[in-house]
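The structure appears right after this line, and notes come after that.
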Amino acid sequence: MITGKTSVFGIIGDPVEHTLSPGMHNAAFDKLNLDNIYVPFHVRAEELEDSIKGAQAMGIKGLNVTIPHKTNVINYLDYLDIAAGLIGAVNTIEFGENGAVGHNTDGIGAIRAIEELISVKNKKIMILGAGGAARAISFQLFLSGAKSLTISNRTIEKAEELRDDLVEKLDNNVKVTDLGFGLEKELKDTDILINTTPLGMYPNISQKPLITADMMHKNLIVNDIVYNPLKTGLIVEAEKAGAKTIYGVKMLMYQGIESFKIWTGIEPPVEVFQRALMTEMNLEII
Ligand code: ATR
């Protein structure tokens with residue numbers, strides 16, 4: 001029941017109507033008997049500054065931030081945590097006595113998903129794509145102890161830009177390739193492959209993945225961050241190659257869990273988040 005004491009959390013984005021976050025957070029608030037509620041807010045770019053000031057003025061306790069505000073929102077915050085500062089993007093705001101603090105749980109969410117299977121420490125990793133998601137995951141990979149990273153992207157300049165930033169701020173063990181023939185050779189020496197491109201995402205589910213089974217080895221771990229469909233073309237190829245796979249919903253779930261921890265100080269039961277997410281997506285529990 002919502003009362004005068006209920007704490008309000010939410011998500012700002014444009015569009016926001018398809019967000020799966022309210023289902024996850026409200027299920028966990030219920031399960032843990034927390035007097036909190038999580039709601040979506042449709043905020044356009046020109047309303048971003050007002051929305052942050054307004055949220056603070058109204059005593060909202062925390063916000064997730066999604067497309068297209070993750071970078072621009074930084075202009076209206078008081079502090080950033082280390083990951084958000086390095087990545088230059090925020091997906092979680094904590095409002096408190098210190099003002100508005102920005103965090104980024106996208107990268108740590110992806111790493112937690114992978115670490116259900118294997119630690120990223122000292123691993124050789126290849127990432128497909130060089131956009132916002134690749135950036136968040138790349139920085140966190142090095143913060144979490146990865147050994148080396150190859151960034152493979154259609155537009156080589158974008159991959160080089162990300163590499164230069166990683167080298168300047170964190171680690172110089174970064175290579176860049178395009179999506180051509182070099183990929184196959186590079187993959188032989190890769191422990192973990194992460195796809196951050198939208199290839200194979202609904203409704204284009206039959207798009208050919210960049211990497212096929214014949215290019216993979218059976219000790220490879222393949223993580224596609226595309227979560228709709230649950231089993232993407234890339235995951236199907238990985239299964240054919242006998243490789244271990246990690247579905248994109250896991251990153252979505254763990255970035256939510258990490259936000260929840262920031263706001264409440266509580267590690268919520270993973271199953272509650274997972275069940276809520278599967279229900280929202282009309283999928284069977286995996
Ligand atoms: P996000 O914020 O989800 O990471 P993004 O910033 O738009 O999304 O990044 C999408 C990434 O997928 C980019 O690296 C993009 O490659 P370019 O830098 O060449 O644009 C990559 N991508 C998108 N569509 C692609 C396609 N059809 N084939 C290969 N790469 C693609």
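In listed order, ligands and their atoms are each counted from 1.
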_Which residue and heavy atom of the protein sit nearest atom 20 (O) of ligand 1, plus the separation_ = Arg154 NH2, 3.0 Å
*Does an N or O anywhere in Thr196 fall below 3.5 Å from an N or O of ligand 1?*
no
*So, do Asp14 and Glu47 sit near enough that their side-chain heavy atoms are less than 4.5 Å apart?*
no
*Among all protein non-hydrogen atoms, which one is nearest to atom 29 (C) of ligand 1, and what is the separation to 0.1 Å?*
Leu179 CD1, 3.8 Å
*Considering heavy atoms of the protein only, find what lies nearest to atom 5 (P) of ligand 1 and give residue, atom and distance to 0.1 Å.*
Gly131 CA, 4.0 Å
*If you count the atoms of ligand 1 from 1 in the order shown, which ones are under 4.0 Å from a heavy atom of Gly129?*
14 (O)
*Hey, any chance Val226 and Ile137 share a hydrophobic cluster, counting ILVMFWY side chains that come within less than 4.5 Å of each other, even indirectly?*
no
*Can you find a protein heavy atom closer to atom 7 (O) of ligand 1 than 4.0 Å?*
no
*Among protein heavy atoms, which lies nearest atom 19 (O) of ligand 1, and at what distance?*
Thr155 OG1, 2.4 Å
_Heavy-atom proximity to atom 30 (N) of ligand 1, best of Thr197, Ile151, Asp106, Ile156_ = Thr197
*asked:* Can you confirm whether Lys250 sits close enough to Tyr227 that some side-chain heavy atom of one is under 4.5 Å from a side-chain heavy atom of the other?
replied: no
*Strictly under 6.0 Å, is that where the ring centroids of Phe9 and Phe29 end up?*
yes
_To the closest 0.5 Å, what do you measure between CG (Asp224) and NZ (Lys231)?_
13.0 Å
*Got Leu187 and His217 here, is their nearest side-chain heavy-atom distance under 4.5 Å?*
no
*For the atom pair NE2 (His42) and OG1 (Thr19), what is the distance rounded to the nearest 0.5 Å?*
12.5 Å
*Do the charged groups of Asp214 and Lys240 touch, with an N to O distance under 4.0 Å?*
no
*Between Asp191, Thr150, Asp189, which is the residue that forms a side-chain hydrogen bond (donor to acceptor under 3.5 Å, both in side chains) with Lys124?*
Asp189
*Which residue and heavy atom of the protein sit nearest atom 13 (C) of ligand 1, plus the separation*: Asn153 OD1, 3.9 Å
*For ligand 1, note which part of Leu199 has a heavy atom under 4.0 Å away: side chain, backbone, both or neither.*
side chain
*Ala130: numbered ligand 1 atoms lying under 4.0 Å from its heavy atoms*: 14 (O)
*State the atoms of ligand 1, each with its element, that fall below the 4.0 Å cut-off from a heavy-atom position in Gly132.*
1 (P), 2 (O), 4 (O), 6 (O)
_As an exercise, identify every atom of ligand 1 less than 4.0 angstrom from a heavy atom of Ala133._
1 (P), 2 (O), 4 (O)
*asked:* Suppose I only count heavy atoms of Pro198 and a 4.0 Å limit; which atoms of ligand 1 are within that range?
replied: 12 (O), 22 (N), 23 (C), 24 (N)
